[in-house]
Amino acid sequence: MTHQNIPFLEKVDPQISKAIRGEEKREEEGLELIPSENYVSRAVLEANGSVFTNKYSEGYPGRRYYGGQDFTDQVERIAIERACKLFNCKFANVQPLSGAPANVAMYFALCEPGDTILGMDLSHGGHLTHGHPVTHLAKIFNFVRYKMKDPDTGEIDYDQLRETALREKPKIILAGFSAYSRELDYKKFVEIAREVGAITVADMAHIAGLIAGKAVRNPFDDGFDVITTTTHKTLRGPRGGMILTRESEEIAKKINKSVFPGFQGGPHMASIAAKAVAFGEALNPGFKKYAQQILKNAKAMESLFAEKKVRMIGGGTDNHLILADVYGSLGITGKEAQTVLDEVGMTLNMNAIADDPRPPLDPSGIRFGTPAITTRGFGEQECARVAELMIQTMQNKDDTSTKKKIREEIRELCKKFPIPESFESV
Ligand code: DSN
């Protein structure tokens, strides 16, 4: 990757431009294994840094509250049209600022304060915004939870989910996760929701790119009503969010009203322009290959972890991520692992495992994934080697010379697979 051209910034603000150069080097010379991160194309970066950042455009295309909307309307319409094509749905709201705001707007669109929402337990792979007690949301809505039946297989306890749904009568049944590695049985969710009259929502932030690339099932194909997502993970767009509605105009209208004026002010139009560019890239045939390769690469890492007898929550992976119990298997805590792996140029995050005996700030697990290294061009062979290097690093956390050798090997791998600047054009 060549350096981003930032001549004005270099002149006006050396402190910030220096930090940007530092981040460029960090990204270029290290392996990004955080499963929610990726590298965007230069085209996405340019749209995200465009003059649209100057514009206020409250409202929706053709119905704005301020003048001068010819071009904002164009980009928002294009983003909506591409999103609907990509995910096979009728309506898209591309204004949510990120995943958490998308979920907040969705809850307020579909529920009244006090209503019940059934979602995946955080400790079993769910997300904070699915109703963890530390969130403001938990003070407003009544969140109830489902879990895995067995953390070693990852299967959701659909009987418990159904019993809870029958007893609690949720308004929403929420499928989706941020640290869960198995495919969900969307049809079962829909069946249960129909029994109790709930709306089905999938928070597919992590797997949006895999769905767009048809590497995993699209919840809409199994009858889900609504999807919320971020746009910057596997989907490889700018930081942002989006809410999709399969076919109900009534739901889509409620969602639009909830995003604006219910919750947000002016949309970030530069980000919406960048979303449109990313969706265009995802509509290209090459994106399917990338999505499939993410899965193959994750499987290659899974095999190596299985061979080395490192326990994986869910027993392995069907998607882009692996959650490994490194404390149970290697005697290193998640925090120690994160720190030592960072030292040798492999960035990932510590993560609680199901029913973790350790505290959240120093849990038993690490979470890692293959989207960013797949974007870099890694195949199964490189991914298996990365998995091996990860385990070697954790096993030799205090051995300086081993760590030095590993750091060197990572640097060489990075040189061989530079971060690409573009994918196929729209
Ligand atoms: N922070 C995101 C992740 O890493 O999964 C979700 O919010």
Side-chain angles (χ1 to χ4, degrees), residues 26-27 30-40 96-107 117 119-138 143 145 148 154 174-184 201-212 216 227-243 263 271 275 278 294 298 301 312-314 317-324 334-335 337-338 341-342 346-354 356 360-361 363-375:
R26 188 194 72 80
E27 291 186 13
L31 294 183
E32 190 50 74
L33 297 170
I34 294 174
S36 47
E37 294 188 14
N38 216 326
Y39 307 110
V40 298
L97 304 177
S98 207
N103 280 345
V104 173
M106 175 274 292
Y107 292 138
I117 297 160
M120 193 191 278
D121 194 281
L122 179 77
S123 70
H124 281 224
H127 188 252
L128 278 174
T129 58
H130 300 172
H132 192 273
V134 299
T135 62
H136 296 321
L137 289 166
F143 286 94
R145 292 164 233 297
M148 289 180 275
L174 186 59
F177 46 80
S178 64
Y180 179 77
S181 59
R182 292 301 189 187
E183 192 145 34
L184 296 173
V201 178
D203 176 345
M204 63 170 191
H206 263 260
I207 56 169
L210 304 180
I211 293 172
V216 299
I227 284 177
T228 60
T229 185
T230 52
T231 49
H232 49 267
K233 298 187 173 90
T234 45
L235 193 50
R236 213 161 53 184
R239 304 201 78 78
M242 168 163 77
I243 309 175
F263 180 45
S271 164
K275 286 175 194 176
I294 289 177
M301 297 185 90
M312 287 167 280
I313 305 305
T317 184
D318 297 326
N319 57 29
H320 62 302
L321 74 80
I322 290 174
L323 180 56
K335 189 178 180 181
Q338 178 184 302
L341 287 161
D342 220 4
M346 292 187 269
T347 309
L348 45 66
N349 64 282
M350 59 181 169
N351 211 103
I353 59 168
D356 203 324
L361 282 175
S364 301
I366 53 169
R367 187 189 68 154
F368 58 96
T370 51
I373 52 177
T374 303
T375 293

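Here, residue 1 is the first one in the sequence, and each next residue gets the next number. Every number for a ligand or one of its atoms is a count from 1 in the order of the listing.
- Two residues are said to be in side-chain contact when any heavy atoms from C-beta on lie closer than 4.5 Å; M301 and F368 meet this criterion.
- Contact annotation for E37 and ligand 1: no heavy atom of the residue comes within less than 4.0 Å of the ligand.
- The contact set between ligand 1 and H206, taken as ligand atoms under 4.0 Å from a residue heavy atom, comprises 3 (C), 5 (O).
- Judged purely by atom type and a 3.5 angstrom limit, T231 uses its side chain to pair as donor or acceptor with the backbone of P238.
- Counting protein heavy atoms only, atom 6 (C) of ligand 1 is closest to H127 NE2, 3.4 Å.
- For atom 1 (N) of ligand 1, the nearest protein heavy atom is 4.0 Å or more away.
- Ring orientation note: the planes of F177 and H206 are tilted relative to one another, at an angle of 30° to 60°.
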Does the side chain to side chain contact (heavy atoms under 4.5 Å, CB included) test come out yes or no for N349 and Q338, once each step is laid out?
CA-CA 6 Å; N349 64 282; Q338 178 184 302; 4.1 Å; yes
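- Taking every heavy atom of S36 and a limit of under 4.0 angstrom, the matching atoms of ligand 1 come to 3 (C), 4 (O), 5 (O).
- L128 has its side chain within reach of V134: a pair of non-hydrogen atoms, C-beta onward, lies under 4.5 Å apart.
- Taking every heavy atom of S178 and a limit of under 4.0 angstrom, the matching atoms of ligand 1 come to 5 (O).
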